[in-house]
There are 2 protein chains.
Amino acid sequence: MSRRSPHTLDGDLRDRIAARLGEGDLRFTRGREALVTVLALATRPLTIPEICAADDSLAASSAYRNLTGLEAVGVVHRIVTDAEFARYELAEGLTDHHHHHLICSRCGVVDDVEASPSLERAVHDAARAIARRSGFRMERHSVDLIGICANCSRRASSSAR
Amino acid sequence: MSRRSPHTLDGDLRDRIAARLGEGDLRFTRGREALVTVLALATRPLTIPEICAADDSLAASSAYRNLTGLEAVGVVHRIVTDAEFARYELAEGLTDHHHHHLICSRCGVVDDVEASPSLERAVHDAARAIARRSGFRMERHSVDLIGICANCSRRASSSAR
DNA sequence: ATTCGTGCAAATAGTTTGCAGCAGA
DNA sequence: TCTGCTGCAAACTATTTGCACGAAT
C-alpha cells in the first residue's frame with residue numbers, strides 16, 4: 001500500500017523547483033524531492049498523513065518542516081480548511097494552472113477545478129475596486145465552493161450504512 | 001480595557017437568534033447572548049481571545065463550546081485561516097449582508113467587504129457548471145482576497161521600528 | 001570538511017472535554 | 001425542579017522544535 005516514489009518528476013518542473021530552492025538557500029534533498037513528487041502526482045491537495053502514506057521514506061516531522069520551507073520559497077501552497085489536517089499542493093506558479101477548490105463539508109476532501117475566465121475577470125475587477133477604496137494590496141485570491149461531494153451524496157442516497 | 005457588554009442587541013436580530021437556538025434545543029443564556037452581542041458589535045470576524053477580552057464574563061472554554069453550538073444552529077460562522085486562531089462572525093442569514101473577506105497575510109486580520117452583484121453572478125454560474133460536470137452540490141461559497149492590509153503596508157513604508 | 005537536513009522524541013498551543021456547582025425554563 | 005450551562009483544570013492532537021547523526025555541496 002505504501003512505497004517509495006520513483007523519479008517521476010518532469011525535467012522542466014524539476015529545474016524550476018531546484019531554482020526556487022536555490023534562491024532560498026535550500027538544498028534539493030531526497031526528502032524534498034519525494035514530497036514534491038508525491039504532490040505532483042496527485043490531482044488534489046493532500047494532507048501530511050496522506051503524503052507520508054504515499055511514500056514510506058518520509059517522516060512526518062520532516063514533512064512538516066520541509067513543506068513549511070517549500071512554501072516559503074513558493075514551491076508548494078498550504079490550504080487550511082476546518083478539517084483536522086492542513087493540505088498541500090504544488091504552487092500555481094509551477095503548474096501554471098490556476099484553479100479553485102471544491103471543499104466537501106462532509107468528508108473534508110478538497111478537489112481542484114479550473115478557473116473560468118469570466119470568474120477570474122470578475123474577481124480581479126472586484127479586487128481592483130476594493131484596493132482603491134481601502135488600500136488593501138491583493139497578492140492572490142481564492143474561491144472555494146463548499147458543499148457535498150459526489151461521493152458523499154451518493155453514499156447518503158443509497159441506504160447503505 | 002475590558003468590560004461587560006450591555007443590552008446592545010437589536011430586538012429583531014435577538015428574536016431570530018432566539019428562534020434558531022430554540023430549534024436546536026439550546027437555551028438563550030447570558031453567556032450566549034454576550035457572545036452574540038460582541039460579534040454583532042464588531043465590524044470584522046473576531047478570534048476567541050478577542051471576544052473574551054471584549055467581555056470579562058466570558059470564559060474561553062465556554063466560548064469555544066458555545067460558538068461550536070451556535071455554529072451548528074446557524075447563528076455564527078467560523079472562519080479558519082492559517083493564522084493561529086480561528087475567527088467567528090455572525091452568520092450571513094442573520095445579518096442578510098453577503099460579503100467576502102480581505103485577509104492580511106502579514107498580521108492575520110480579516111476584514112469584510114461587500115460582495116458585488118457581478119462577482120456573485122460569476123461565482124454562481126461557475127458553480128452551476130461545476131455541479132453539472134462533477135456532481136458536487138454547492139451549499140455556499142467563499143471568496144477570499146489575500147494580501148497586505150492598509151495598516152501593515154503603511155507600517156512597512158514608514159521606516160518605523 | 002562543513003553546513004544543512006533527517007528522524008526520533010519531547011515540547012507547544014489551540015481546542016475539546018470531565019466534572020461539580022449554578023442557572024434557565 | 002430538573003436538565004442543561006458554566007468555569008476550572010486536565011486531556012487531546014496537529015504542528016513545532018532540540019538534539020545527535022547522516023547527507024549534500
Side-chain angles (χ1 to χ4, degrees), chain A residues 2 4-5 14 17-38 45-53 55-73 75-76 78-88 108 110, chain B residues 2 4-5 7 14-15 17-36 38 45-53 55-73 75-88 108 110:
Chain A
S2 49
R4 236 168 138 132
S5 54
R14 196 190 145 89
I17 290 170
R20 296 201 187 186
L21 283 172
E23 287 169 22
D25 289 309
L26 297 180
R27 294 172 181 172
F28 203 165
T29 66
R30 161 184 281 287
R32 300 211 242 251
E33 178 164 12
L35 280 175
V36 171
T37 302
V38 171
L46 301 179
T47 65
I48 287 191
E50 284 170 347
I51 294 170
C52 291
D55 191 322
D56 273 355
S57 68
L58 293 170
S61 70
S62 296
Y64 277 107
R65 209 163 358 207
N66 281 330
L67 287 167
T68 302
L70 288 167
E71 187 181 32
V73 299
V75 171
V76 304
R78 177 190 216 193
I79 300 161
V80 49
T81 67
D82 49 9
E84 43 191 348
F85 295 97
R87 289 176 179 273
Y88 290 87
V110 178
Chain B
S2 48
R4 231 164 144 135
S5 54
H7 281 237
R14 196 191 145 90
D15 289 347
I17 290 170
R20 297 201 186 186
L21 282 172
E23 287 169 22
D25 289 310
L26 296 180
R27 293 174 181 169
F28 203 164
T29 66
R30 164 181 281 286
R32 301 212 242 251
E33 178 163 11
L35 281 175
V36 171
V38 171
L46 301 179
T47 65
I48 286 191
E50 285 170 346
I51 294 170
C52 291
D55 190 323
D56 273 354
S57 68
L58 293 170
S61 70
S62 296
Y64 277 108
R65 207 159 5 204
N66 282 331
L67 288 167
T68 302
L70 288 167
E71 188 181 32
V73 299
V75 171
V76 304
H77 178 59
R78 177 191 217 192
I79 300 161
V80 48
T81 67
D82 48 9
E84 43 192 349
F85 295 97
R87 289 176 180 272
Y88 291 87
V110 178

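The structure presented is a predicted model; accordingly, all values stated were derived computationally and were not measured. Chain identifiers are assigned alphabetically (A, B, ...) following the order of the sequence lines, protein sequences preceding nucleic acid strands; residue numbering begins at 1 within each chain.
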Between atom CZ in A:Arg32 and atom P in C:dC4, what is the gap in whole Å? 11 Å
From A:Arg14 atom CZ to A:Thr37 atom OG1, the distance as rounded to the nearest 0.5 Å: 8.0 Å
Reading DNA chain D in the 5' to 3' direction, which nucleotide is the first one with an atom under 4.0 Å from a heavy atom of chain B, and which is the last? D:dT3 to D:dA9
Please list each protein N or O that sits under 3.5 Å from an N or O in nucleotides 8-13 of chain C, with the distance.
unit_1: C:dC8; atom_1: N4; unit_2: A:Ser61; atom_2: OG; d: 3.3

Classify every nucleotide of nucleotides 20-25 of chain C by which part a protein heavy atom approaches to under 4.0 Å, writing B for the base, S for the sugar-phosphate alone and - for neither, in 5'-to-3' order. ---BBS
Would you say A:Asn66 places a side-chain N or O within less than 4.0 Å of OP1 or OP2 belonging to C:dT6? yes
Between B:Arg78 and A:Asp25, the residue closer to the 5' end of DNA chain C by nearest nucleotide is A:Asp25
Rounded to the nearest 0.5 Å, how far does CZ of B:Arg30 lie from CG of B:Leu35? 12.0 Å
Would you tell me if any nitrogen or oxygen in the side chain of B:Tyr64 comes within less than 4.0 Å of OP1 or OP2 on C:dT15? yes
Which residues pass the side chain to side chain donor-acceptor pair (under 3.5 Å) test with A:Arg20, sequence neighbours left out? none
Evaluation steps, side chain to side chain contact (heavy atoms under 4.5 Å, CB included), between A:Phe85 and A:Ile48: CA-CA 7 Å; A:Phe85 295 97; A:Ile48 287 191; 5.7 Å; no
If you look at every strand shown and take non-hydrogen atoms under 4.0 Å, does A:Ala86 touch a base, only sugar-phosphate, or nothing? sugar-phosphate
What are the two closest non-hydrogen atoms of A:Ala60 and A:Cys52, and how far apart are they? CA-SG, 3.9 Å
Show the nearest heavy-atom pair for residues B:Gly24 and B:Val73, with the distance to one decimal. CA-CG1, 3.8 Å
Measure the distance from CG on B:Leu67 to C1' on C:dT15 and round it to the nearest whole Å. 12 Å
Shortest non-hydrogen contact between B:Leu46 and B:Ile51, atoms and distance: CB-CG1, 3.7 Å
Take the protein atom CG of A:Leu58 and the nucleotide atom P of C:dG5, then report the distance between them rounded to whole Å. 16 Å
With each end axis built from five pairs of C1' atoms, what bend angle do you get for the helix from C:dA1-D:dT25 to C:dA25-D:dT1? Round to 10°. 40°
Sequence neighbours excluded, the answer for side chain to side chain donor-acceptor pair (under 3.5 Å) partners of A:Arg78 is A:Tyr88
Taking all heavy atoms of B:Gly69 and all of B:Leu26, pick out the closest pair and write down the distance. O-CD1, 3.9 Å
Taking any heavy-atom pair under 4.0 Å as a contact, classify B:Leu26: base, sugar-phosphate, or nothing. sugar-phosphate
